[in-house]
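Reading through the C-alpha cells given below for one structure.
Counting starts at 1 for both ligands and their atoms, in listed order.
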Amino acid sequence: MLKALVARFKEGCGTGAFPPAAPKLPPDFKGRPEIAADTTEEDVKAMRAVCPVADALFFRDGKASLDMGRCIFCGRCAEVCGKVRFTGEYRLGVFRREDLIVKAGEKEYAPPVQTDGEALALEGSLHLREVSAGGCAACELDANVLGTPAWDMARFGIRFTASPRHADAVYLTGPVSANMQLALEKTYAAMPEPKFLIAAGACAVSGGLYKHGNLPRTPSLYIPGCPPHPATVLEALLRFCGAGRGK
Ligand code: SF4
Ligand code: SF4
C-alpha cells in the first residue's frame, strides 16, 4: 500500500497544462489554412487536381477559398504551388457553417465568440452523448482521449454520458449512414430541452471524404478536422459552453 502511495506521489499530476497553457501540438500539425491573396483560378484547378475531397477548394467571386468543413487537412494542396499554407492555429470550432470557409488574403483570425445564452448556461455541466454514425472511428478515439487523465475535460464539467436522457448535446461523428439515421433521430428525441447538436469531423460536418453528409438538423457547433485534434475539440467545447473563461 505504502509503495503504491509513494509511486503515485512520484508520478505527480499527469494532466497537461492546456488550458490555460498553449497545447503541445506535433511539428506537422495542420491548423487553419491561409491562402495567398494572388491565388488564381488556375492555381485552384491545379490544387483541386490533387485534393481527395470534392469541392474542398473552389474559386468563386474572383477569390480562391478553402472549406475547412470538407477539408481533411492532408496538406496536398500546400505542395502544389505554395499558395496554401497551414498554420498552427488549432482553434477551429465555429457556430455557423459559413465561418468554416477560408478566403484568399485573410490573415487576421479570432475564433468566434459564443452568444447563445442557452449554451452558455451549460458552463460547468456539459454532458455529451456520442453518436458514431458511420465514420472510421478516428474522430471517436480522439474525442475519447479527452476523458483520460492527460486531458481530463471533466475538470471543466464536460463529460460523455451513456444515456441521451442525461445529455445536453449529441456529439456526432461520421457522415450519418442510412442505417444510423433512425438511431440518431431517436437519440436526439430522447434528450431533454434545451438540446444541441455538435458536428465533429469532416464526415459529420459535410460528408468529408464521402460524397455528402446527412445532417438531420443545423448543428450548434462545427468542429472541422479529420479527425479534429483533441486540443481543437476541447477548446471548441469550452468556448461553446463558456467554460474555462478567464483561465
Ligand atoms: S488539405 Fe484539404 S483542401 Fe488541401 S488537398 Fe487536402 S483535403 Fe484538399
Ligand atoms: S472525419 Fe475523418 S477521422 Fe473523422 S470519421 Fe470521418 S474519415 Fe474518420
Side-chain angles (χ1 to χ4, degrees), residues 25-26 28-36 39-60 63-90 92-94 97 100-104 106 128 130-146 160 170-181 183-184 197-215 219 221-234 236-237:
L25 300 168
D28 58 351
F29 176 79
K30 292 180 187 65
R32 184 181 169 85
E34 281 180 1
I35 309 172
T39 307
T40 64
E41 193 164 8
E42 288 308 307
D43 292 329
V44 172
K45 272 187 194 157
M47 290 189 280
R48 279 175 67 104
V50 301
C51 178
V53 185
D55 298 328
L57 284 153
F58 52 92
F59 196 86
R60 197 175 292 156
K63 274 202 171 189
S65 302
L66 190 157
D67 181 357
M68 289 197 295
R70 291 199 60 73
C71 178
I72 61 164
F73 293 77
C74 69
R76 286 188 188 178
C77 54
E79 294 165 8
V80 172
C81 52
K83 295 295 172 76
V84 169
R85 180 180 86 87
F86 286 87
T87 71
E89 177 57 79
Y90 67 94
L92 306 179
V94 298
R97 178 70 177 85
L100 290 175
I101 309 292
V102 177
K103 294 194 175 114
E106 286 178 354
L128 305 167
E130 156 70 29
V131 176
S132 175
C136 73
C139 276
E140 294 85 332
L141 286 171
D142 268 8
N144 193 42
V145 300
L146 292 172
F160 285 102
V170 164
Y171 188 88
L172 175 66
T173 51
V176 191
S177 55
N179 287 344
M180 282 304 294
Q181 281 173 0
L184 175 60
L197 176 65
I198 295 172
C203 284
V205 172
S206 68
L209 281 167
Y210 299 92
K211 191 172 179 188
H212 51 72
N214 283 309
L215 277 174
L221 173 63
Y222 299 85
I223 310 176
C226 183
H229 191 279
T232 297
V233 176
L234 181 55
L237 293 175

Ligand-residue contact atoms, ligand 1 with Cys77, heavy atoms, under 4.0 Å: 1 (S), 3 (S), 4 (Fe), 5 (S)
The test is ring-ring contact (aromatic ring centres under 6.0 Å, His included); show your working for His229 and Phe29 and say whether it passes. CA-CA 9 Å; His229 191 279; Phe29 176 79; 5.6 Å; yes
Ala202 heavy atoms, cut-off 4.0 Å: which ligand 2 atoms fall inside? 1 (S)
Arg32 bridged to Glu106 by N-O distance under 4.0 Å: yes
Are any of the side-chain heavy atoms of Phe86 and Val84 separated by less than 4.5 Å? yes
The protein heavy atom nearest to atom 2 (Fe) of ligand 1 is Cys71 SG, 2.3 Å
Have a look at Ser206, Cys136, Pro228, Cys139 and point out the one with the heavy atom closest to atom 4 (Fe) of ligand 2. Cys139
Atom 7 (S) of ligand 1: of Val102, Ile72, Val84, Asp55, the nearest heavy atom sits on Ile72
Ion pair present between Asp67 and Arg97, side-chain N to carboxylate O less than 4.0 angstrom? yes
Would you call Glu42-Lys45 a salt bridge at under 4.0 Å N-O? yes
Contact atoms of ligand 1, heavy-atom distance to Leu57 under 4.0 Å: 3 (S)
For ligand 2, which atoms sit closer than 4.0 Å to a heavy atom of Ala138? 3 (S)
List ligand 2 atoms under 4.0 Å from Pro227, heavy atoms only on the residue side. 3 (S)
May I ask you to identify the nearest protein heavy atom to atom 8 (Fe) of ligand 1, giving residue, atom name and distance to one decimal place in Å? Cys51 SG, 2.3 Å
Tell me, which protein residue and heavy-atom name are nearest atom 6 (Fe) of ligand 1, and how many Å apart are they? Cys74 SG, 2.3 Å
Taking salt bridge (charged side-chain N to carboxylate O under 4.0 Å, His left out) as the criterion, tell me which of Arg85, Lys103, Lys83 meets it with Glu34. Arg85
Hey, is CG on Asn179 packed in by over 12 heavy atoms from elsewhere, all under 6.0 Å? no
Determine yes or no for a side-chain-to-main-chain donor-acceptor pair under 3.5 angstrom, with Thr39 supplying the side chain and Ile35 the backbone. no
min-distance protein heavy atom vs atom 1 (S) of ligand 1 -> Gly75 N, 3.2 Å
